[in-house]
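A, B, ... follow the sequence lines: proteins, then strands. Residue 1 opens every chain.
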Amino acid sequence: MNQAALGTTRLRLAFLGAIFASLIVTLALRLYFLQVLNTAEFTEGAQRNQIRLVPEQPARGQILDRNGEVLVSNGMSLVVSIRRQELSSDELADVINRLSPILEVPVEELNKRLADKSLSAFTPIPIAENVPEDTVVYLREHQDEFPKVETTTRPTRIYPQGKLASHVLGYLGEIQDDQINSDRYKDLGYRPGSIIGRGGIEYAYEKELHGVEGLRKLEVDSTGDVRRTLGRREPVRGLDLVTTIDSRIQKLTEESLAQGIEKARTIYHEETASKYKAPAGGAVVMDPRSGEIIAMASFPDYDPGAFVGGISVAEYEELTREDTGLPLINRAIQVAYPPGSTFKTVTAAAALETGVAQADQRYACPGSVRIADRTFRNWKSTDSGMLTFNQSMADSCDTVFYDWGLQFYRTFTRTKAEVLQDYARRFGFGEKTGVEIPSEKPGRVPDDGWLKRVNKEFPDAFPYATWLPGYTINMSIGQGDVLATPLQLANSYAAIANGGTLYQPHFGMSLMDGSEEVSTVQTNEPKSVQISPANLQSIRSSLEAVTTVGTAAGTFVNSPLNAIGVAGKTGTAEIGTKQPYAWFAAYAPARDPQYVVAIMLEEGGHGGETAAPIAGRIFEGIFDLPLSEIKPQAAVD
Amino acid sequence: MTDFAEFGSRHYAGRDRMAMSSKAPIRHLDGWLIAAVMGLTALGCVAIRSASAPILEVQELDADHYLKRQLIFFSLATIGFGLTLIVDYRRLQPYAPMAYLGLVLLLLLVLTPAGQNVKGAQRWINLGIFQLQPAEVMKMGYILFLAAVLSRERRNEGPVAGFTPVLQAMILAAGPALLIFLQPDLGSALVLFAIAFAVLLVAGVPIRWMVLVVVGCLAVGALALRLDVLHDYQVARLTSFLDSGTDPQGPGFNLEQSKIAIGSGGINGKGWGQGSQTNLAYVPEQRTDFIFTAIGEERGFLGGLLVLGLFSVVLWRCIRTAMLSKDLFGALMAGGIAAMLGFQLFVNIGMTIGIMPITGIPLPFVSYGGTSLITSFVGVGLVMNIHMRRFV
């Protein structure tokens, strides 16, 4: 080459060299950016890749009755899941098509489960539970045909006693997205898909029953195959909960309630010209000496086993429909009703304590009284003459209580003191009893403040802002706006029975780790109803009169129970134009109270007529007397 | 830039005082070039072992399997390198058209049932000991022929002028590029155009024609994207570096894993055999196209700089040789080989760190693979040949 050509060529080569130099500098700068400036981020990414934390579910604690009988235990359910993110959509469709006939689940249903947005895309998606073992074996043997399909086990609940105490025990379900970070759950380490108690004791004792999740730390390669186990934290099984429930009495209570409802449905109700509908009812059995709930029943009930392995939408709708009687609702605590005449114990206590009434005096019991231009009728229209305090209770004479109610009203107009409300609250009405299981209703003790509040909020439903005499008068017989749950009522009778102590009703007795007791369940400090022993005694003797000569005598007087002694009070509550709601609350033995029973039937008749016989049968069972068939009695309050 | 020329002539003058035998080619081997190439190959061998051993161990196979094969390729490459040195490169010029045509025929053969198909790509011809990848060799054939064509007419008359050489370069590139593209191997096809660009540049084609070449190539590329000439996966790979996806099967995921591997290496790296990304096979094609991720993860930023440094030496020596070459043919060849190596270096490492599209281009000297290693060594041998004979 000549010199000029050489010069040009060299210049151009130098230019080429400069291009290379700039490319190499670009690469170096980018490497500096990745490896020096941002290495932390990528280090984390590498660790995330490499390590897979596989949770191991702990066995959930069992729920036992007070005698150690198992109410809920654990089983293992075989689950088939798919690592959906590791398959292309074609491969996935292929696998699903092959799985469908083997799992006997339609393709559409499988796709629906796979599309569940609540599950993290990076965890295996469970598509079938309670899979038969044969199927699992087949899938494992043919793993090649089912890439990324996994079979695992998952603890489930077994209910050896079937539907027994379903409302109390509750059921399990997957945690919902918005629950994971709620105060209640956020420190317990739950993830989407975690199984938690969704009602009853399962919910209330979630923390104790759940145990501690185990964790396996695995090193996995890019195909998800495990190369080695890096570490393992054993799951810690949940504690067993011994409850206050007595399975025998629980069963007895449920049977008696169901039988009583069945009988009530055979009775003709003249005013509505039809038989009692008695769609639902609730029953509570408590120990008045401690607040322990020995049995709690709600009708209709449901099978908690249906929730095992996930309940279908259709099944759940069935359980939450009005026309199936809303079986998930626990009538013993989740609905508040007007307590009717069972509330007269409160009125009586208030009257005795404030001197409005004396236990040794007589009171007029006309068929009706006229107060402030309104007529208030007794439940029977005839004049019963002058009644003793005991007779007034035994006969449940409304007009006697109207008079006391009127006097409370006058006290209110004079001093603003709301005497009846005060005593209602002393017996625990108007606030939750504090029983552990969720969704308890506080009921209602209406007063002047409440009326003004609701008048402001709902002027259509509550047009008057002024507390009228009728309100107190109606309340004196447990009508008007006063509302109570069967449990509240049972607890108030427990306080009468035990000499004035209001316990926190509870189901939890102790927590066990295997056969070793870890702790006893603590309850709130009991409160005193602050009523003189003498007056409580007067009320107790009047309640004995109810079952011997009064409105409940039909059930008890010719029964072997008479020897044991049952004290109680009937009630018949009116709600608008509905059929009457039947109530009965009682305790026995009358002179040494060990059991309180409260019964409520929605639109099931009169207290003495249908509710008391149910309690009678329960007491028979409790005291090992021969069980009689429930016989409806005369339609008395 | 005249510095280089002066440096060259001073060098020449110094040597001139010695005996004539000092002009004997064998006395002018380029130690720098040999050292850099050997360094890269050695680094590659260690990285290949590190990237392949864990999987082989899991499969209970010989952990050194790929290392051993690469060492065999290396000995073949050394032989090829040696053979390349024997004959004066200028005497190769007449055979350039034959070599070019022969390789085009081989590329055609690959597309027939005689070719081997691996993972949907038809790129290989089985030679028993290893699978020949004609596309790799084609790059060398193209360089040889293009340099011959451009330098023959004008001998040492001065810069190439006019549009004819551009046309010649494009036509000569288009045929083999199309055949390679059909395999499909988009990356290797593109290398031919990078070579064309460099050779035309060195040959003295006016800058305006060079700009036209670049614009034309970009236009063809854009057209290819629009006209569905490319397979979906090719488009996805080409564009994935713009937007890293989360589809674990997709190219975006591969890129993300590649970046994680390199980024997590930090300054010093995790040490050979210690990289979790490498050991657990998170990076695809790791012993071949993605070999740089193993070095990046296990030897860190310093390891990466070492690779770049060694390549800088290689490119520097190639360009220096081109400058020293007594004739245009040698200068064009050395420049073309530099472009071949430099382009592959940039595209390969660039794709592992997310600044270039993912194309199946090996990292010269470092990636596992017989044809690539041998071709690279033969290329460097040619440069050495030119370097050795700059006085004769």
Spatial distance of atom OG1 (T9(A)) from atom CG (L328(B)) [nearest 0.5 Å]: 6.0 Å
Flag if over 12 foreign heavy atoms under 6.0 Å of CD, E104(A): no
Top contributor to chain A interface from G296(B), A198(B), G300(B), G269(B) [non-hydrogen pairs under 4.5 Å]: G300(B)
Value rounded to 0.5 Å, distance of OG in S264(B) from CD in E41(A): 11.0 Å
E109(A) atom CD, over 12 foreign heavy atoms within 6.0 Å: yes
Portion of I19(A) that has a non-hydrogen atom of chain B nearer than 4.5 angstrom: side chain
Smallest separation among heavy atoms of L13(A) and I319(B), with atom names: O-CG2, 3.7 Å
Portion of L200(B) that has a non-hydrogen atom of chain A nearer than 4.5 angstrom: backbone
F33(A) versus chain B, the contacting section by heavy-atom distance below 4.5 Å: neither
F42(A): which of Q277(B), E297(B), K259(B) passes side-chain contact (heavy atoms from CB on, under 4.5 Å): K259(B)
Part of A261(B) lying under 4.5 Å from any heavy atom of chain A: neither
Most contacts with chain A, counted as non-hydrogen pairs under 4.5 angstrom, among T352(B), V307(B), L201(B): L201(B)
Whether R30(A) side chain and I355(B) backbone form a donor-acceptor pair below 3.5 Å: no
Chain B interface, residue from L16(A), L27(A), N38(A), V36(A) that has the most non-hydrogen pairs under 4.5 Å: L27(A)
Atom of P206(B), atom of R12(A) and distance for their closest heavy-atom approach: CA-NH2, 4.0 Å
Interchain contact, L315(B) with chain A, by part (heavy-atom threshold 4.5 Å): side chain
Any L345(B) side-chain heavy atom under 4.5 Å of I24(A) side chain: yes
Heavy-atom pair with the smallest gap, counting every atom of L305(B) and A28(A): CD2-CB, 4.1 Å
Between F197(B), F343(B), F292(B), the one whose heavy-atom pairs under 4.5 Å with chain A are most numerous: F292(B)
Where F301(B) and Y32(A) come nearest, the two heavy atoms and their spacing: CE1-N, 3.4 Å
Distance (rounded to the nearest 0.5 Å) between I260(B) CD1 and T43(A) OG1: 10.0 Å
Residue selection (most heavy-atom pairs with chain A, distance under 4.5 Å) from S312(B), G350(B), C318(B): S312(B)
Rounded distance [0.5 Å steps], OG1 in T26(A) versus CD1 in I349(B): 12.0 Å
